[in-house]
Enquirer: 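Take this structure first; my questions come after.
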Amino acid sequence: SGAEMGWPRVHAECDVSGPLVFDDEIGVEVSVSRLGNSSFELSFRILKEDREHAHGRVVIVCLDRKTQRSRPLPVEFAEALRSRMEPKEG
């Protein structure tokens, strides 16, 4: 069940390339950029007026709360992520 799993963010990074201030209207694009056995990576872009102002990524691990170790992603969850992966370039 969901209570047996945790979802720690084990890595996060963000590069800012333009100014953003409180009350700016922004758009956020999020995509699945990597899918592993027990973790996945989300990439994001922050846009203002159709110009990128920041981009980054977050790595999230599926954790067994009892053992405090990584565990495989639930099959249905992994399939849902796979269906939303960004296309590979090249």
Side-chain angles (χ1 to χ4, degrees):
S1 82
E4 298 169 356
M5 289 181 283
W7 300 95
R9 282 65 171 171
V10 297
H11 179 84
E13 63 183 60
C14 180
D15 294 315
V16 178
S17 56
L20 295 169
V21 297
F22 184 74
D23 276 349
D24 278 350
E25 287 193 28
I26 63 169
V28 179
E29 296 176 351
V30 179
S31 60
V32 180
S33 49
R34 189 188 61 76
L35 182 60
N37 181 53
S38 61
S39 66
F40 59 99
E41 179 181 276
L42 299 178
S43 294
F44 62 88
R45 295 176 63 215
I46 297 175
L47 306 161
K48 181 175 111 176
E49 298 172 353
D50 295 327
R51 184 174 162 265
E52 182 179 292
H53 283 252
H55 67 272
R57 64 191 185 100
V58 178
V59 178
I60 302 168
V61 173
C62 185
L63 179 79
D64 182 311
R65 287 182 188 249
K66 188 177 281 187
T67 66
Q68 292 294 299
R69 296 193 174 274
S70 64
R71 54 159 287 173
L73 296 168
V75 174
E76 300 83 13
F77 185 73
E79 288 302 318
L81 290 172
R82 187 170 286 109
S83 73
R84 290 163 176 82
M85 284 191 72
E86 62 187 24
K88 297 277 186 205
E89 292 182 21

Enquirer: Identify, with sequence neighbours excluded, every residue that meets side chain to side chain contact (heavy atoms under 4.5 Å, CB included) alongside Asn37.
Expert: Pro72
Enquirer: Can you measure from CG (Leu73) to CD (Glu79) and round to the nearest 0.5 angstrom?
Expert: 10.5 Å
Enquirer: Evaluate side-chain contact (heavy atoms from CB on, under 4.5 Å) for Leu42 paired with Val32, printing each intermediate quantity in order.
Expert: CA-CA 5 Å; Leu42 299 178; Val32 180; 3.9 Å; yes
Enquirer: Report yes or no: do Arg45 and Ser31 form a side-chain donor-acceptor pair below 3.5 Å?
Expert: no
Enquirer: Say you draw a straight line from CG of Asp15 to CD1 of Ile46; how long is it, rounded to the nearest 0.5 Å?
Expert: 11.0 Å
Enquirer: Please report the shortest heavy-atom distance between Ser83 and Ala80, naming the atom on each side.
Expert: OG-O, 2.8 Å
Enquirer: Between Ser43 and Arg34, is the side-chain contact (heavy atoms from CB on, under 4.5 Å) condition met? List the steps.
Expert: CA-CA 9 Å; Ser43 294; Arg34 189 188 61 76; over 6 Å; no
Enquirer: May I have the step-by-step check of side-chain contact (heavy atoms from CB on, under 4.5 Å) for Leu35 and Met85, ending in yes or no?
Expert: CA-CA 8 Å; Leu35 182 60; Met85 284 191 72; 3.9 Å; yes
Enquirer: Near Arg69 CZ, under 6.0 Å, is it more than 12 heavy atoms from other residues, nucleotides or ligands?
Expert: no
Enquirer: Hey, any chance Val10 and Val30 share a hydrophobic cluster, counting ILVMFWY side chains that come within less than 4.5 Å of each other, even indirectly?
Expert: no
Enquirer: Answer yes if Val28 and Phe40 sit in the same cluster of Ile, Leu, Val, Met, Phe, Trp and Tyr residues linked by side chain heavy atoms under 4.5 Å apart, and no otherwise.
Expert: yes
Enquirer: If you count every heavy atom of other residues, nucleotides or ligands that lies below 6.0 Å from Gln68 atom CD, does the total exceed 12?
Expert: yes
Enquirer: What are the two closest non-hydrogen atoms of Arg9 and Trp7, and how far apart are they?
Expert: NH1-O, 2.6 Å
Enquirer: How many angstroms lie between NZ in Lys48 and CG in Asp24, if you round to the nearest 0.5 Å?
Expert: 4.0 Å
Enquirer: Under the side chain to side chain contact (heavy atoms under 4.5 Å, CB included) test, which residues partner Glu13, sequence neighbours left out?
Expert: His11, Arg57
Enquirer: Pro19 and His53: which non-hydrogen atoms are nearest, and at how many Å?
Expert: O-ND1, 3.1 Å
Enquirer: Say whether Leu81 and Val58 are linked into one hydrophobic cluster, either directly or through other cluster members, by side-chain heavy-atom distances under 4.5 angstrom.
Expert: yes
Enquirer: Nearest 0.5 Å, please: how far is CD in Glu52 from CD in Glu29?
Expert: 8.5 Å
Enquirer: Rounded at 0.5 Å granularity, tell me how far CZ in Arg65 sits from CG in Leu63.
Expert: 7.5 Å
Enquirer: Could you work out, with ring-ring contact (aromatic ring centres under 6.0 Å, His included) as the rule, every residue matching Phe44, not counting sequence neighbours?
Expert: none
Enquirer: What distance do Glu4 atom CD and Cys62 atom SG have between them, rounded to the nearest 0.5 Å?
Expert: 10.5 Å
